[in-house]
Amino acid sequence: MLDQKLIRENPRFVEENLSLRGKVYKISHIHELTIKKKEIDIELSSLLSESKKLSKLIGQVIGKAQNNNLQELNDLKKKGNEYRIKISELEENQRILDKEVNDEIHNLPNFPSKEAPIGKDESDNVQIKTWGDPLRKENIRSHWEIGESLNIFDSVKSTKISKSRFITLIGNGARLERALINFMLDMHTKNGYLELIPPALVNSESLTGSGQLPKFSNESFKCSKDDLWLSPTAEVPLTAFHKNEIIDTNLLPMKYVAYSPCFRREAGSYGRDTKGLIRLHQFNKVELYWFCEPSKSAEAHKQITSDAESILKKLNLPYRLVDICTGDLGFSSSRTFDLEVWLPSNKCYREISSCSNCLDFQARRSSIRTKIDKKNTYVHTLNGSGLAIGRTMAAILENGQQKDGSVKIPDALVPYFGSNSLKLA
RNA sequence: GGAGAGGUGGCUGAGUGGUCGAAAGCGAACGACUCGAAAUCGUUUAAUAGGAAACUAUUCGUGGGUUCGAAUCCCACCCUCUCCGCCA
């Protein structure tokens with residue numbers, strides 16, 4: 001969420017910054033609303049002040065109560081009643097305005113960072129570096145072909161259980177998934193992250209706090225009888241973990257790593273990545289998350305990205321690092337580095353981690369602050385996948401495929417998986 | 001799901017319509033005493049928003065309502081605890 005005061009006092013600055021996203025943003029309406037709101041706030045505050053004084057006076061008059069000055073009392077009460085009517089009218093106005101301002105402000109995305117490459121869409125993203133040698137040769141098999149031949153997952157049976165875009169992991173597939181989760185959690189906790197397993201169901205307030213609501217309600221599954229949604233990413237519960245808190249500055253930065261299942265409706269992606277592990281309604285993810293002081297978030301962003309990267313390196317998976325352009329940035333992010341893993345069957349790099357610096361955008365929505373120079377200041381939040389498990393498995397299957405149909409397990413994973421090779425059981 | 005009890009400042013806990021942002025205690029800070037410390041004594045000590053400040057408003061789980069006035073009365077909801085039921 002953007003700063004309401006900034007919108008009120010410097011609307012042009014806000015428009016200019018938002019427009020870096022490659023779209024025109026008109027905020028004149030919300031700008032007017034914030035000004036009206038401020039006026040009402042001031043008027044209401046002074047009215048309340050007067051009416052409070054009057055109430056005290058009435059209390060005093062009653063307290064004396066010697067010679068039944070009923071007339072005086074009635075006059076005072078009448079005056080009080082007038083105040084009450086005026087106040088309740090103003091409060092009603094304030095409520096309506098508040099809601100309007102809130103609705104509009106929650107629909108505005110974050111400002112892109114000045115450092116982010118300017119661009120319109122995906123095609124303008126900038127590759128920063130590549131790591132490892134992408135596997136390119138003939139007769140490459142896709143990970144779903146490998147998976148089916150090794151009988152480690154089954155999507156057809158999963159449609160019986162649920163519908164398309166769900167997967168059931170079987171035998172060594174399930175074991176590999178578990179190995180990956182444990183491996184990643186161990187790596188990150190060794191690096192100073194505190195491990196959390198958060199609830200998978202989150203309420204609307206939490207989704208609003210991290211930016212998924214109100215704008216993207218179509219992208220999450222909702223429980224019809226409760227104000228609860230299946231969390232699309234651990235970023236949601238992690239942000240909400242410190243919702244409405246003022247965090248002791250000495251505790252910053254706070255670094256969390258959370259394993260969680262993630263649920264996404266994938267509305268509008270019909271026909272894309274219909275096979276395999278790339279785009280599922282349910283997938284597992286290990287998520288990294290930082291709360292830090294504002295002055296340190298740029299540095300933290302580099303760190304969280306390199307922490308995610310370290311997993312790819314350990315697994316010896318070729319990848320590249322991409323600087324997301326202003327037009328392709330996520331709603332809450334001001335700057336994002338994507339890590340994309342090489343998928344030989346696609347002959348391209350596919351996103352496996354997205355590391356974002358949201359600055360104070362989520363912190364303001366969720367009211368997460370810290371005291372800096374005795375002033376309450378919104379913290380900065382950063383998130384990054386470290387990594388998406390399903391896509392990691394796909395990358396291991398494809399990059400590790402052998403002529404005999406087996407798959408080589410990366411050395412770092414062998415202690416977790418219990419074997420250096422994945423064969424037909 | 002049923003029955004009951006409860007939710008008040010950093011913590012414990014009093015407060016059932018008026019000068020209550022809230023007694024008391026603990027804790028914390030500062031001072032006195034002391035070579036120093038403990039003990040003791042004294043003073044101070046809620047937060048948030050707006051404001052340069054003075055100050056103003058808000059906050060006793062949340063949201064409504066009654067009233068000139070609500071921590072206190074009414075309604076709805078949320079949460080916690082105990083017992084029963086159900087359940088991994």
Side-chain angles (χ1 to χ4, degrees), chain A residues 1-10 30-31 33-103 105-106 197-209 213 222-229 237 240-251 260-261 360 363-379:
Chain A
M1 187 162 65
L2 302 177
D3 185 4
Q4 206 172 118
K5 194 171 166 187
L6 189 63
I7 291 173
R8 193 175 66 232
E9 292 176 354
N10 206 340
I30 183 172
H31 172 239
L33 291 179
T34 54
I35 289 176
K36 245 191 250 169
K37 183 168 131 57
K38 183 74 176 171
E39 284 168 3
I40 287 188
D41 286 350
I42 291 169
E43 197 184 344
L44 189 58
S45 156
S46 76
L47 259 179
L48 280 167
S49 171
E50 286 174 43
S51 119
K52 251 174 95 166
K53 278 179 203 148
L54 180 67
S55 294
K56 274 195 181 174
L57 181 65
I58 293 174
Q60 282 166 359
V61 170
I62 293 173
K64 287 177 198 161
Q66 312 130 332
N67 37 348
N68 282 355
N69 34 10
L70 223 59
Q71 183 61 40
E72 188 191 353
L73 210 58
N74 279 338
D75 286 349
L76 288 176
K77 282 192 183 180
K78 207 173 149 197
K79 204 171 158 201
N81 209 12
E82 283 164 18
Y83 272 129
R84 192 174 56 170
I85 290 165
K86 257 195 235 167
I87 286 170
S88 64
E89 273 172 17
L90 267 183
E91 278 177 341
E92 181 62 20
N93 280 345
Q94 190 193 45
R95 221 175 291 161
I96 293 166
L97 257 182
D98 250 351
K99 193 181 173 316
E100 268 184 86
V101 168
N102 253 316
D103 286 353
I105 207 168
H106 275 111
I197 299 185
L201 295 186
V202 295
N203 60 35
S204 298
E205 196 182 85
S206 297
L207 277 165
T208 306
L213 286 181
K222 181 157 189 353
C223 304
S224 59
K225 288 202 173 171
D226 302 280
D227 177 32
L228 289 171
W229 307 64
F241 193 56
H242 288 295
K243 182 162 68 183
N244 299 327
E245 285 184 15
I246 295 172
I247 298 168
D248 188 337
T249 312
N250 294 325
L251 299 176
S260 82
D360 63 3
R364 183 173 278 110
R365 284 174 163 249
S366 303
S367 189
I368 305 168
R369 294 168 291 178
T370 191
K371 288 231 191 274
I372 291 178
D373 297 329
K374 294 189 178 171
K375 257 200 86 148
N376 284 333
T377 310
Y378 291 105
V379 300

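Labels below follow one simple rule: chain letters A, B, ... track the order of the sequence lines, proteins then strands, and each chain is numbered from 1.
- Within 4.0 Å of A:Lys371, counting heavy atoms only, lie sugar-phosphate atoms of the nucleic acid but no base atom.
- Separation of the C1' atoms belonging to B:C60 and B:U48 is 15 Å when rounded to the nearest angstrom.
- Listed pair A:Lys52 / B:U58 meets the phosphate criterion, a side-chain N or O lying under 4.0 Å from OP1 or OP2.
- The listed nucleotides are B:U19, B:U56, B:G69; the one nearest the side chain of A:Arg84 is B:G69.
- Between the P atom of B:G63 and the CG atom of A:Asp98 lies a distance of 12 Å, rounded to the nearest Å.
- In this entry B:C86 has no Watson-Crick or G-U wobble partner, no candidate having both defining distances under 3.5 Å.
- Per the geometry, CG belonging to A:Leu47 stands 13 Å off P belonging to B:G69, to the nearest Å.
- Among the atoms of the strands shown, none is found under 4.0 Å from any heavy atom of A:Asp41.
- B:A49 atom P lies 12 Å from atom CG of A:Asp3, rounded to whole Å.
- The side chain of A:Asn81 contributes no N or O atom lying less than 4.0 Å from OP1 or OP2 of B:U67.
- Closest to the A:Ser55 side chain, of the nucleotides B:G69, B:G65, B:U19, is B:G69.
- The side chain of A:Lys56 approaches B:U19 more closely than any other nucleotide in the set B:U48, B:U19, B:C68.
- B:G25 and B:G42 have their P atoms separated by 10 Å, given to the nearest Å.
- Separating the P atom of B:G21 from that of B:A32 is a span of 36 Å, rounded to the nearest Å.
- Note on A:Ser45: only backbone sugar-phosphate atoms sit closer than 4.0 angstrom, heavy atoms only; bases stay farther off.
- For the C1' atom pair drawn from B:U62 and B:U8, the interatomic distance equals 15 Å after rounding to whole Å.
- One P atom belongs to B:G27, the other to B:A39, and the distance between them is 9 Å to the nearest Å.
- In this structure, A:Lys99 NZ and A:Ile96 CD1 are separated by 10.5 Å, a value rounded to the nearest 0.5 Å.
- Taking atom NZ of residue A:Lys374 and atom C1' of nucleotide B:U48, one finds them 17 Å apart after rounding to whole Å.
- Across all strands shown, A:Lys79 has no heavy atoms under 4.0 Å from either base or sugar-phosphate atoms.
- Contact detail for A:Tyr378 and A:Arg369: the closest heavy-atom pair is CD2-CG, 3.5 Å.
- Residues A:Cys223 and A:Lys225 form no side-chain contact, since every pair of their non-hydrogen atoms from C-beta on lies 4.5 Å or further apart.
- Residue contacts for A:Lys5: at a heavy-atom cut-off of 4.0 Å it reaches the sugar-phosphate backbone alone, with no base atom in range.
- Among the atoms of the strands shown, only primed sugar atoms or phosphate atoms (P, OP1, OP2) are found under 4.0 Å from some heavy atom of A:Leu48.
- Across every non-hydrogen atom of A:Lys37 and A:Gln4, the tightest pair is CE-OE1, 2.9 Å.
- B:G51 is unpaired under the Watson-Crick or G-U wobble criterion, no partner having all donor-acceptor distances under 3.5 Å.
- Here B:C68 sits opposite B:G18 as a Watson-Crick or G-U wobble pair (both hydrogen-bonding atom distances under 3.5 Å).
- In this structure, A:Leu90 CG and A:Tyr83 OH are separated by 12.5 Å, a value rounded to the nearest 0.5 Å.
- Between the P atom of B:G18 and the NZ atom of A:Lys77 lies a distance of 14 Å, rounded to the nearest Å.
- Using a 4.0 Å cut-off on heavy atoms, the residues of residues 244-251 of chain A that approach RNA chain B are A:Ile246, listed by number.
- Regarding contacts with the backbone of B:A49, a side-chain N or O of A:Arg369 is found under 4.0 angstrom from either OP1 or OP2.
- Each of A:Ile35, A:Leu33, A:Ile30, A:Asp3 was scored for a side chain to side chain contact (heavy atoms under 4.5 Å, CB included) with A:Arg8, with one residue passing: A:Ile35.
- B:A76 and B:C83 have their C1' atoms separated by 26 Å, with the value rounded to a whole Å.
- Closest approach to the A:Ile58 side chain among B:A57, B:C68, B:U48 is made by B:C68 (side chain taken as heavy atoms from C-beta onward).
- In this entry the distance linking CD1 of A:Ile42 with P of B:G51 reads 9 Å, nearest Å.
- Side-chain atoms of A:Gln94 and A:Leu97, non-hydrogen and from C-beta on, never get closer than 4.5 Å to each other.
- Inter-residue side-chain proximity for A:Ser206 and A:Asn203 is flagged as met; some heavy-atom pair is nearer than 4.5 Å.
- In this structure, A:Lys371 and A:Thr377 have side chains that are not in contact, with every pair of non-hydrogen atoms separated by 4.5 Å or more.
- Across every strand in view, B:C77 sits in a pair with B:G61 that passes the Watson-Crick or G-U test at under 3.5 angstrom.
- Under the Watson-Crick or G-U wobble criterion, with both distances below 3.5 Å, B:A38 is left unpaired in every strand shown.
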